[in-house]
Asks: 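Supplied in structure tokens, the structure appears directly below.
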Amino acid sequence: MSIAKTYTPADVEAKWYQRWQEQGFFKAKANPRKQPYSVVIPPPNVTGVLHMGHMLNNTIQDVLVRRARMQGKEACWVPGTDHASIATEAKVVALLKEQGIEKKDLTREQFLEHAFAWKEKYGGIILEQLKQLGASCDWDRTRFTMEPELTQAVLRVFVDLHQKGLIYRGVRMVNWDPLGQTALSDEEVIPKDVMAKMYYLRYAVVASSLRPQAASQNESLELAADSLWLTVATSRPETIMADVAVAVNPNDARYTHLHGATVRIPLLGREIPVILDEYVSIDFGTGALKVTPAHDLNDYELGVKHNLPVIDILNNDGTLNDKAVLYVGQERFAARRSIVKDLEEAGHLVKVEEYASIVQTSERTKAVIEPRLSMQWFLKMEHMAKPALEVVENDTIKLHPAKFKNTYRVWMENVRDWCISRQLWWGQQIPAFYLPDGTYVVALSAEEALELAREQSGNAGLQLTDLRQDEDVLDTWFSSWLWPISVFDGFKDPDNADINYFYPTNDLVTGPDILFFWVARMIMAGLEYRKEVPFRNVYLTGIVRDAQGRKMSKQLGNSPDPLDLIKQFGADGVRTGMLFSAPAGNDLLYDEKLVEQGRNFSNKLWNAFRLTQGWEVDASLSFVNEKAVEWFSARLQATITELDEHFEKFRISDALMTVYKLVWDDFCSFYLEMVKPAYLAPIDAETLRHTTGFLETLLKLLHPFMPFITEEIWHELAERGPKEYVCVAAWPKAKPAAGAADLVARMSKALDIVAGVRVIRNQKGLGPNKPLTLAAKTDDASLLTDYDAVIRKLAALTEISVVDAAPAASVGFVSGGVEFFVPLEGQIDLGAEKERLEKEIDYARGFRDSVLKKLSNEKFVANAKPDVLERERQKLADAEAKITALEQGLTAL
RNA sequence: GGGAGAUUAGCUCAGCUGGUUCAGAGCAUCUGCCUUACAAGCAGAGGGUCACUGGUUCGAACCCAGUAUCUCCCACCA
């Protein structure tokens, strides 16, 4: 036999991937005769490398796409990458820094040149890696969110939404990332639990500001007015230089004497008023709140309400600016340490408390977010959110698992306007152009802008050089949200054949972490621009964690390199390994054992194939395996039905497990063992024909999960024409046959008898092949007659006979209500056998009694459905028959 | 602080509209096997008061209420 004993994936994977591509199997085009099936890839970062999350996500997509392709649909999986503005820009900045180049020394054009060079060099690596996984994308359709055409789409949408009055510009409190030096949307901000310090600072009350009676009251307490203090609690002492007031609750009796007073900022000495607002909690901290409108959203709102000035003491990079007066140039956290020390020395620090708090951090750079007032562009969300919520509520779009519907609803009902401008260069520059008079126009190009500007200003003499384009770029998600439309050129050419055919796409596979970032917004864009949802099903994967449940991270070093894994276990092994334990929405606890299991499964399949290849046909032999064939055929049909149901419900893991068991247990452990001829003995032609047919069907069912090995065996199994690949073979259709369930049930009874004999072999320490005989005490020997050959072969029996009484010196077991005996001359332990029988009788009686109890319950008999009742009666009869049989066996001993 | 979901074998999970002695799978564990397809294997076995407490019902892992624990989402208490 020349076939290798173990399957070696490395030899075959690259070969088949190349052939599939040569054959053009992954290419899709609008074909009215076929049903469309389309999926758009969640575009990975253009400079990213494959990690375990991608592996899971793309394996699932590939399974869905390959199955659809086999079902005869026009399967279109669109790949591509995302320009990931903030992440990529950060990388490029870091890279330039290594080369001694600072971003601030470059012009926008120079920087973009560097960035594009980097993108050319590293961009798309991840797509090459996906090919090794077997991803069957239509690579001719590869898109990039920042390519010219998609940029056009983004600009069109911006202009359109602006015209519709949905985009506006304004000064708002935004999330500022001092490391990325850009504003972020609310969704890009991650709250983190930390232990923080609460500083209690005392502000001197300005004596002259106190009302006379208040002052005298305090004098009565023998306190000089200028020794009066007001203590506030703050977590950010470095912002006191930006204080513009201290607020107390008007109903707070402790501070009535301070109404209308002013206090002095420690160290700085600037006077600020004490203001009254019910917003302040009396029971939190000291009940006095320092108001810093520039650096806190609530304070900002308080400031607006009370008409207070705004003092912004921070630079873009988080260092203190001139307005701070003190600590100018220090980084905010360094400034905090300095000021705490100084406050303490000056006697202003009353106490410091540790407390559990939350800091907002940047999703991309991890920097602590600074709430900051700035001029930004926003998209109104309300009118888009409503229909987008509706389509999920009414299941036009189904989320898998459905529990995410709740999360989705809450978000959509509370959605706030989307901050879409970013202070970066890598991205689509906002198409807003400022006129010398400070007003602006929005247009697709500078030329159009000029026209509009002349019109708007009434100044026909305006030149291009008079216009200044907004420096900001758009949030990356402002391009990703158009992805399902833009990849089919639905903006450039809204009525083209591709978009009409492939849109709406069918399934979207992504992580729940970007349900709002991306999924919700794609739904909005789809409804706004196509009046139709972008996809029907959203499959939300879990996060890949390590076996201890920790997130995969570089620091922990617990993230395996996917390509190494593929090398080691084969792409098929890795794919199945990931899917073994990945129910939708649940985190996947990655363990190398899973991938090993996947690899072992490949090998199992390989060896099943190897076995059949070794068989010589003898045409003169008659067909002796009818029972095995009809049984496996029935099992196969039932499994296909089950498999389709799992796919319907997006239960990919269950689907895999179903085929896994079909192959390993039913096909290998039972079917092949039933039909396999003795060593070197030939097989009959009919059995071989059926077996090969079964194997082919199994290969088809397995192909979406294990594309490479199935293709390899598919071709080894038979001579195939140039277009005959399992990759495009027809997905098996379940053909329910009459009596199939009965066939399966009867075989299962026969196999139970086999197991009974095997148990005895185990218990008595008899080898698997020691010839034995079996005697059955039964009135109905039809099962034994029909399955005589099967039972004898699998249990290694020379003979099965029917007897009236237990043979002497035999060990028994009960299967299907019938007692069986294996005669074992001189190897019987009478006592043990008796004990075993008594135990069985006890159990059977207990069972009978429980059924009897149920049946003697009048209310049960009166209320239970007839079929339930009938089943119970049957159980009673069976139990009684069994007890009788066992009792007779006992007396015989 | 608000909301949602979860809690079933050592681990990861099934268990559909309540009805085969209070239950299944894969992995892991244990026992015995190198039986010429596969030791990346074969044949067996053990293992669960279905989180807890009540309730509804002839009957509850499943329905209801409460409790506990966990997870996720949302949230401006300095």
Side-chain angles (χ1 to χ4, degrees), chain A residues 1 3 5-7 173 191 198 232-236 247 279-281 283-286 288-292 296-301 357-358 360 371 401 403-411 414 512 515-516 547 569 573 580-583 585-589 591 593-594 596-597 599-614 645 649 651 653-654 657-658 660-661 668-669 672-673 676 679-680 754-755 758-759 761-763 765-769 796 843-844 846-851 853-854 857-865 867-869 871-872 874-875 878-879:
Chain A
M1 195 178 299
I3 304 166
K5 203 168 167 182
T6 50
Y7 170 64
M173 199 53 116
M198 181 73 85
V232 303
T234 180
S235 57
R236 304 200 56 191
Y279 163 76
V280 181
S281 306
D283 52 8
F284 189 88
T286 63
L289 165 71
K290 70 188 217 47
V291 181
T292 320
D296 185 280
L297 180 60
N298 302 305
D299 291 14
Y300 175 69
E301 280 162 8
S357 178
I358 290 164
Q360 306 291 337
K403 67 176 178 183
F404 285 106
K405 247 172 117 166
N406 290 321
T407 319
Y408 183 84
R409 183 187 320 114
V410 170
W411 194 77
N414 298 291
L515 186 56
F516 308 127
F569 299 100
F580 274 131
S581 164
N586 275 30
D587 287 354
L588 179 144
L589 300 189
D591 193 325
K593 277 182 183 151
L594 289 170
E596 248 173 63
Q597 194 187 342
R599 190 260 328 249
N600 295 353
F601 184 40
S602 302
N603 202 45
K604 186 72 185 176
L605 182 66
W606 181 253
N607 276 289
F609 154 69
R610 208 172 136 240
L611 174 66
T612 64
Q613 285 309 97
E645 279 168 14
K649 294 176 183 157
R651 299 170 139 185
S653 291
D654 292 334
M657 190 48 72
T658 301
Y660 178 83
K661 285 193 282 192
C668 294
S669 295
L672 288 179
E673 292 298 331
K676 145 175 142 184
Y679 181 56
L680 292 181
V754 171
R758 284 172 172 172
V759 168
R761 283 185 186 278
N762 251 312
Q763 282 171 351
L766 310 166
N769 290 325
Y843 182 84
F847 179 64
R848 180 198 57 194
D849 291 349
S850 80
V851 180
K853 198 174 140 203
K854 210 184 263 188
N857 181 341
E858 280 172 34
K859 287 181 174 170
F860 172 72
V861 178
N863 292 322
K865 281 180 235 153
D867 59 313
V868 173
L869 206 56
R871 210 158 34 190
E872 292 298 317
Q874 186 58 48
K875 265 158 63 181
D878 289 351

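Since the model is a prediction, treat every value here as computed from it, not as a measurement. Every chain is numbered from 1 and lettered A, B, ... according to where its sequence line falls, protein lines coming before strand lines.
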Asks: Reckon A:Y279 touches a base, only the sugar-phosphate, or nothing at all at heavy-atom distances under 4.0 Å?
Replies: base
Asks: With no angle test and no hydrogens, is the base of B:A37 tied to the side chain of A:E673 by a donor-acceptor pair under 3.5 Å?
Replies: yes
Asks: Using a heavy-atom cut-off of under 4.0 Å over every strand shown, decide if A:R758 touches base, sugar-phosphate, or nothing.
Replies: sugar-phosphate
Asks: Does some side-chain heavy atom of A:E645 sit less than 4.5 Å from a side-chain heavy atom of A:R651?
Replies: no
Asks: Quote, to the nearest angstrom, the P distance that separates B:C70 from B:C64.
Replies: 24 Å
Asks: Pick base, sugar-phosphate or nothing for A:N603, based on heavy-atom distances below 4.0 Å to the nucleic acid.
Replies: base
Asks: For A:F601 and A:D296, find the nucleotide of RNA chain B closest to each by heavy atoms; which residue's nucleotide sits nearer the 5' end?
Replies: A:F601
Asks: On the nucleotide B:A37, are OP1 or OP2 found under 4.0 Å from the side-chain N or O atoms that A:K604 carries?
Replies: no
Asks: What distance, rounded to whole Å, do you find between the two P atoms, one in B:U69 and one in B:C52?
Replies: 15 Å
Asks: Does the pair A:E673/A:K676 count as a salt bridge with the N-to-O cut at 4.0 Å?
Replies: yes
Asks: Which part of the nucleic acid, if any, lies within contact of A:L289, taking any heavy atom under 4.0 Å across all strands shown: a base, the sugar-phosphate backbone alone, or nothing?
Replies: base
Asks: Using the P atom as the reference point in each nucleotide, state the distance between B:C13 and B:C38 in Å, no decimals.
Replies: 36 Å
Asks: Under 4.0 Å between any heavy atoms, over every strand shown, what does A:R651 touch: base, sugar-phosphate, or nothing? Just pick one.
Replies: sugar-phosphate
Asks: Pick the C1' atom in B:U20 and in B:G47, then give their distance to the nearest Å.
Replies: 22 Å
Asks: Taking the P atom in each of B:C16 and B:U8, what is the distance between them to the nearest angstrom?
Replies: 16 Å
Asks: If the P atom of B:C11 is compared with that of B:U49, how far apart are they to the nearest Å?
Replies: 13 Å
Asks: Indicate, with a heavy-atom threshold strictly under 4.0 Å, whether A:V232 touches base, sugar-phosphate, or nothing.
Replies: nothing
Asks: Pick base, sugar-phosphate or nothing for A:I358, based on heavy-atom distances below 4.0 Å to the nucleic acid.
Replies: base
Asks: If only atom types and distance count, is the side chain of A:T234 paired as donor or acceptor with the main-chain N or O of A:R236 below 3.5 Å?
Replies: yes
Asks: Using a 4.0 Å heavy-atom cut-off across all strands, classify A:S669 as base, sugar-phosphate, or nothing.
Replies: sugar-phosphate
Asks: Establish, with yes or no, whether the OP1 or OP2 oxygen of B:C13 is under 4.0 angstrom from a side-chain nitrogen or oxygen of A:N586.
Replies: yes
Asks: With rounding to the closest Å, how many angstrom separate the P atoms on B:U12 and B:C72?
Replies: 15 Å
Asks: Rounded to the nearest 0.5 Å, what separation is found between the CG atom of A:L588 and the CG atom of A:L594?
Replies: 7.0 Å
Asks: Taking the nucleotide of RNA chain B with the closest heavy atom to each, which residue, A:Y679 or A:G285, is nearer the 5' end?
Replies: A:Y679
Asks: Give a yes or no on whether the backbone of A:G767 and the side-chain of A:R761 come within a donor-acceptor separation of less than 3.5 Å.
Replies: yes
Asks: Runs of at least three consecutive Watson-Crick or G-U pairs, both distances under 3.5 Å, are what I'm after; which ones involve RNA chain B?
Replies: B:1-7 with B:68-74, B:10-13 with B:24-27, B:29-33 with B:41-45, B:51-55 with B:63-67
Asks: With heavy atoms under 4.0 Å as the rule, sort A:K5 into base, sugar-phosphate or nothing.
Replies: sugar-phosphate
Asks: Could you measure between the two C1' atoms, the one in B:A78 and the one in B:A4, and give it in whole Å?
Replies: 29 Å
Asks: What does A:K661 touch in the nucleic acid at a heavy-atom separation under 4.0 angstrom: a base, only the sugar-phosphate, or nothing?
Replies: sugar-phosphate
Asks: When the ring centroid of A:F609 is compared with that of A:W606, is the distance short of 6.0 Å?
Replies: yes
Asks: Mark yes or no for a side-chain to base donor-acceptor pair under 3.5 Å between A:T407 and B:C72, with no hydrogen or angle criteria applied.
Replies: no
Asks: Measure the CZ-CE distance between A:F284 and A:M198 for me, rounded to the nearest 0.5 Å.
Replies: 4.0 Å
